[in-house]
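Bear in mind the structure is a predicted one, so any value in this text is a computation, not a measurement.
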Amino acid sequence: MDLNQTFKTDRPIIGVVHLLPLPTSARWGGSLAAVIDRAEQEATALASGGVDGIIVENFFDAPFVKERVDPAVVSAMTLIVQRLKQLVTLPIGLNVLRNDAHSGLAIASCVQAQFIRVNVLTGVMATDQGIIEGQAHSLLRYRRELGSDVKIFADVLVKHARPLSSTNLTNAVQDTIERGLADAVILSGWATGNPPNLEDLELATAAANGTPVFIGSGADWENISTLMPAADGVIVSSSLKRHGRREQPVDPIRVSQFVEAARRSFTRVDSLKRVGSR
């Protein structure tokens, strides 16, 4: 995958819009207009803060269904993403939680979004929703049937889950890319807000052999300079919220601080590479 072609940069910073509870979810508040208003505010804050892309998640729909979401969720997310595309010019992706990659791909294809995130593309994971099996075979065939070029960003050993089989990180990354045909892979910590460790990032990047590797959780303006040299991009959410609390709205000042810190780390890494190549 050519990150520069999609995001206009080789090291994209992707901010997350966490949607308020959607219809049929346990905490649905009854007003889609309120959900849309919050999503528009957050997308605007992310764009003004300088991120390179946005991913939209039905994050507050927990507890999640493990596979296909209700059609009302698909309808709501389609409408919301379409509205956001009219509001900001950044590339937009979707993550339909917990693992409804088919709906994510359908929405993205219809509204011309650029990518989706898939929590479990290959393998079998024990999660708080139960046993989730990767459906790479049907997802990739579905993408071909749709005639879609939507990119698939796949988590490796996703957070809030444990693999049922014994596997190491190198094999998991290689299987996700070579057998699951992921366009990019994502490495997270154990839970939302927890970063992956540097050694795992370095191992994943080596195993990916040129396929982009994204930091999927826990990045903040303090640790990004340590983590980013071992990755190709970052997906960031909680640390951009007001007071760093995930239930709060996006804070444009925190977005700007994070983007500035991340770009400084990019510049430093690129400078070191140029010196080393002389």
Side-chain angles (χ1 to χ4, degrees), residues 6-9 12-62 64 69-97 100 103-117 150-151 153 192-193 216-217 219-221 233-260 262:
T6 301
F7 297 100
K8 312 307 180 191
T9 176
I13 302 165
I14 301 174
V16 184
V17 172
H18 284 157
L19 299 178
L20 295 177
L22 297 175
T24 73
S25 71
R27 292 177 289 183
W28 161 239
S31 172
L32 190 57
V35 179
I36 294 171
D37 183 60
R38 167 78 167 254
E40 290 179 340
Q41 291 176 17
E42 297 208 336
T44 301
L46 291 168
S48 64
V51 301
D52 305 299
I54 291 172
I55 186 166
V56 179
E57 296 185 347
N58 57 324
F59 182 81
F60 290 111
D61 280 358
F64 305 113
V69 298
D70 191 89
V73 174
V74 177
S75 299
M77 293 189 73
T78 303
L79 175 61
I80 292 165
V81 174
Q82 182 65 23
R83 291 280 290 266
L84 298 187
K85 283 183 63 66
Q86 295 169 354
L87 188 66
V88 300
T89 59
L90 296 172
I92 294 182
L94 293 106
N95 186 14
V96 184
L97 298 166
D100 193 350
S103 290
L105 183 62
I107 297 168
S109 300
C110 288
V111 301
Q112 296 183 314
Q114 283 74 24
F115 64 101
I116 62 171
R117 180 175 183 173
V150 171
K151 304 304 181 186
F153 289 21
T192 300
S217 68
D220 57 38
W221 68 273
V234 57
I235 300 171
V236 57
S237 54
S238 299
S239 66
L240 306 185
K241 302 294 189 75
R242 190 177 300 160
H243 308 302
R245 296 174 59 183
R246 70 192 66 161
E247 71 276 7
Q248 293 292 318
V250 170
D251 182 342
I253 295 175
R254 294 178 72 97
V255 178
S256 298
Q257 289 175 334
F258 179 86
V259 169
E260 182 180 350

For this session: Taking Ser239 for its side chain and Ala219 for its backbone only, find out whether a donor-acceptor pair lies under 3.5 Å.
Result: yes
For this session: Kindly give the heavy-atom pair with the smallest separation between Val150 and Ala113, and that separation in Å.
Result: CG2-O, 3.6 Å
Problem set entry | Least distance between heavy atoms, Gly49 atom then Val255 atom | CA-CG1, 3.5 Å
Seminar exercise, completed: One should read off an interatomic distance between Asp52 CG and Phe7 CZ, to the nearest 0.5 angstrom, of 8.0 Å
Exercise. What is the distance from atom CG of Leu32 to atom CD1 of Ile80, rounded to the nearest 0.5 Å?
Worked result: 5.5 Å
Problem set entry | Side-chain donor or acceptor of Asp251 paired with backbone N/O of Leu240 under 3.5 Å | no
Problem set entry | Ser75 side chain to Pro71 backbone, donor-acceptor under 3.5 Å | yes
Problem set entry | Gap separating the CG atom of Asp100 from the CG atom of Asn58, nearest 0.5 angstrom | 9.0 Å
Problem set entry | Stepwise side-chain contact (heavy atoms from CB on, under 4.5 Å) test for Ile54 and Ile14 | CA-CA 5 Å; Ile54 291 172; Ile14 301 174; 5.6 Å; no
Seminar exercise, completed: Correct closest heavy-atom pair for Trp221 and Phe258 would be N-CD1, 3.6 Å
Problem set entry | Note, Arg254 side chain near Arg242 side chain (heavy atom, < 4.5 Å) | no
For this session: Check Val250 against Pro252 and note the closest heavy-atom contact, atom names and distance.
Result: O-CD, 3.6 Å
Exercise. Rounded to the nearest 0.5 Å, how far does NZ of Lys151 lie from CD1 of Ile116?
Worked result: 12.0 Å
Exercise. What heavy-atom pair brings Ala262 and Ile13 nearest, and what distance separates the two atoms?
Worked result: CB-CD1, 3.6 Å
Problem set entry | Within-4.5 Å side-chain heavy-atom neighbours: Leu94 and Arg117 | no
Exercise. Hey, does the side chain of Lys241 reach the backbone of Arg246 with a donor-acceptor pair shorter than 3.5 angstrom?
Worked result: yes
For this session: Could you tell me whether the side chain of Glu57 and the main chain of Asn95 form a donor-acceptor pair under 3.5 Å?
Result: no
Problem set entry | Side-chain (Asp61) to main-chain (Leu22) donor-acceptor, under 3.5 angstrom | yes
Exercise. Pro249 versus Gln41: any side-chain heavy-atom pair under 4.5 Å?
Worked result: no
For this session: Determine, step by step, whether Trp28 and Val35 satisfy the side-chain contact (heavy atoms from CB on, under 4.5 Å) criterion, reporting the C-alpha distance in whole Å, the side-chain angles of both residues, the deciding distance to 0.1 Å, and the verdict.
Result: CA-CA 10 Å; Trp28 161 239; Val35 179; 4.2 Å; yes
Problem set entry | Check against side-chain contact (heavy atoms from CB on, under 4.5 Å), Phe60 and Leu19 | CA-CA 6 Å; Phe60 290 111; Leu19 299 178; over 6 Å; no
Problem set entry | Backbone N/O of Pro12 and side chain of Thr9: donor-acceptor pair under 3.5 Å | no
Exercise. Do other residues, nucleotides or ligands put more than 12 heavy atoms under 6.0 Å from Arg245 CZ?
Worked result: no
Exercise. What do the steps show when you test His18 against Val16 for side-chain contact (heavy atoms from CB on, under 4.5 Å), and what is the final call?
Worked result: CA-CA 6 Å; His18 284 157; Val16 184; 3.3 Å; yes
Problem set entry | Backbone of Pro91 reached by a side-chain donor or acceptor of Gln114 within 3.5 Å | no
Problem set entry | Distance, nearest 0.5 Å, that separates CG of Leu87 from CD1 of Ile92 | 8.5 Å
Exercise. Should we say atom CD of Gln112 is surrounded by more than 12 heavy atoms from elsewhere, each under 6.0 Å from it?
Worked result: no
Seminar exercise, completed: Correct closest heavy-atom pair for Val69 and Ser103 would be CG2-OG, 4.3 Å
Exercise. To the nearest 0.5 Å, what is the distance between CG (Asp220) and CD (Gln257)?
Worked result: 11.0 Å
